[in-house]
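Chain naming here is simple, since letters A, B, ... match the order of the sequence lines and numbering starts at 1 in each.
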There are 2 protein chains.
Amino acid sequence: MCESARPRAPRRDAASHREALLDAARVLLNEDPETSLDTIAAAAGLTRRAVYGHFPSRNTLLTELAERGADRVAGAVARASSEDPVVDIALLGRLVWDEIEHVRAMTRVVVHGPLRERIGPALGPIHDRLVADAARAAAIGTGRADLPPEVVARLIEGAAFTVLDESTRAGLSRVEGRRLVILAGLGALGLSWREAHTVLDENRALLDEETAR
Amino acid sequence: MCESARPRAPRRDAASHREALLDAARVLLNEDPETSLDTIAAAAGLTRRAVYGHFPSRNTLLTELAERGADRVAGAVARASSEDPVVDIALLGRLVWDEIEHVRAMTRVVVHGPLRERIGPALGPIHDRLVADAARAAAIGTGRADLPPEVVARLIEGAAFTVLDESTRAGLSRVEGRRLVILAGLGALGLSWREAHTVLDENRALLDEETAR
DNA sequence: TTGATCTTGCACAGCGGTGTGCAAGTTAGT
DNA sequence: ACTAACTTGCACACCGCTGTGCAAGATCAA
């Protein structure tokens, strides 16, 4: 009744080693997107040879890592939203920030290679929501109306990544980074810095430690 | 009188081939910062083997390319300035935009490798000027005062690179890109999108075809 | 025309990476 | 304690890249 053909369940540490590999890959790929399997395996406390016991190829590992990151971010983003497009954009910035490491590792991997098709769909919704928010904000008169919403969305995404880079360079804390990514995003949307702070003041939950529901 | 010890001047095409190599490298490195010598030589109409007749190593080629780009940008930037810090930032965006290909190739190369020390000094002045402008703009009340000038400068630089990427992705024309890079930079400085357009309207020269003096 | 200069095509060594095979060891389920 | 599952360390083949040597050819200056 239990296993069909396998006489024995897989060893318990197999799963944990697998996780260790994915963890190590995520951390190391944040620094160098072309880190070798040797380095990753060593960081996970294993040998390069042992990796092939869990993943048939290097690319398989990277793909799974990227897919997990995409799922994680997509999940967090789907769980929260706001009626006000400006607040929603701030919220998106905050949520993505909370997943920086995953986002960074993911994008670093996705850039090189034909993974765009597999990851795109998971990340597409975020972009779509940004475009919609930008359009609505422009219609209301709070967001910029001088550029197509598509371009505004790209500017906001770019601002977020700039903060991501700046955070590793300057060693920003999570709290500082969270504030900065929101301010930068709203600036790209066309708000003045005073207006951006007004949004923050009226929506204190954006900076709360716990993720808003 | 003429040559000191050399019985013959170098062949005329040697210099042109050398330029062709640097040109090809600049173009190709804009797409892939790790393009092989083989690819670069082929694009220049030469063989990989011939490259070593001009440059002792791959790294030498990249270094010279980066140094040239840095000099070019630094020269353009040193030739123009404005009293108004906000206008000056817009001007910097415009000047850098005019040298995109060089800037991109340069940064792509500089990221990997210990060239930062050799290139930094040439590019440092731009960053310094951005920091100073950000500080002055904040003091006047036109620029954002909620972040240290150093961070504001990074945001502006990041916005510029975002536009650079967006331009290749969306195939922006030079004119469109020039306008976009200025708007994005002023947004990062904390201006609202309406204020940014006011700056543009009052300084039409920023969008002129010829470089301002 | 002459001859140095530059290019080419080949071959070779070296480096670092991936992916595999296999025998021996270790670990954790039953 | 037994045994399958997992790890290790070695070996190897393969790939793409850099850098070098050398002989033969093309090209341009004098």
Rounded to the nearest angstrom, tell me the gap between atom [atom1] in [X] and atom [atom2] in [N].
X       : N      : atom1 : atom2 : result
B/Leu46 : D/dT27 : CG    : P     : 13 Å
B/Asp38 : C/dC10 : CG    : P     : 13 Å
B/Phe55 : C/dT7  : CZ    : P     : 11 Å
B/Glu34 : D/dT18 : CD    : P     : 10 Å
A/Leu21 : D/dT8  : CG    : P     : 10 Å
A/Tyr52 : C/dG17 : OH    : P     : 12 Å
B/Leu28 : D/dC17 : CG    : P     : 13 Å
A/Arg18 : D/dA5  : CZ    : P     : 17 Å

Reported CG-to-CG distance for the pair B/Leu180 and A/Leu155, which is rounded to 0.5 angstrom: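 It comes to 5.5 Å.
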Gap separating the CG atom of B/Leu92 from the CD atom of B/Glu157, nearest 0.5 angstrom: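 These two atoms lie 10.0 Å from each other.
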Residue that, paired with B/Phe55, satisfies side-chain contact (heavy atoms from CB on, under 4.5 Å) out of B/Thr63, B/Leu62, B/Leu61: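 Testing B/Phe55 for a side-chain contact (heavy atoms from CB on, under 4.5 Å) against B/Thr63, B/Leu62, B/Leu61 leaves exactly one candidate, B/Leu61.
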B/Gly45 vs A/Ser57, nearer the 5' end of DNA chain C by closest nucleotide: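 First, find each residue's nearest nucleotide; the 5'-ward one identifies B/Gly45.
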If the cut-off is 4.0 Å, is [X] near the phosphate of [N], judged by side-chain N/O to OP1 or OP2?
X       : N     : value
B/His54 : C/dT7 : yes
A/Thr47 : D/dT7 : no
B/Arg49 : C/dG9 : no
A/His17 : D/dT7 : yes

base_contact_polar (D/dG19 base, B/Arg48 side chain, donor-acceptor, <3.5 Å):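 Answer is yes: a donor-acceptor pair is held.
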Check ion pair A/Asp133-A/Arg136 (N to O, under 4.0 angstrom):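 Result for this pair is yes, salt bridge flagged.
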Pair A/Asp23 + A/Arg26: basic N to acidic O under 4.0 Å: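 Yes, A/Asp23 and A/Arg26 are salt-bridged.
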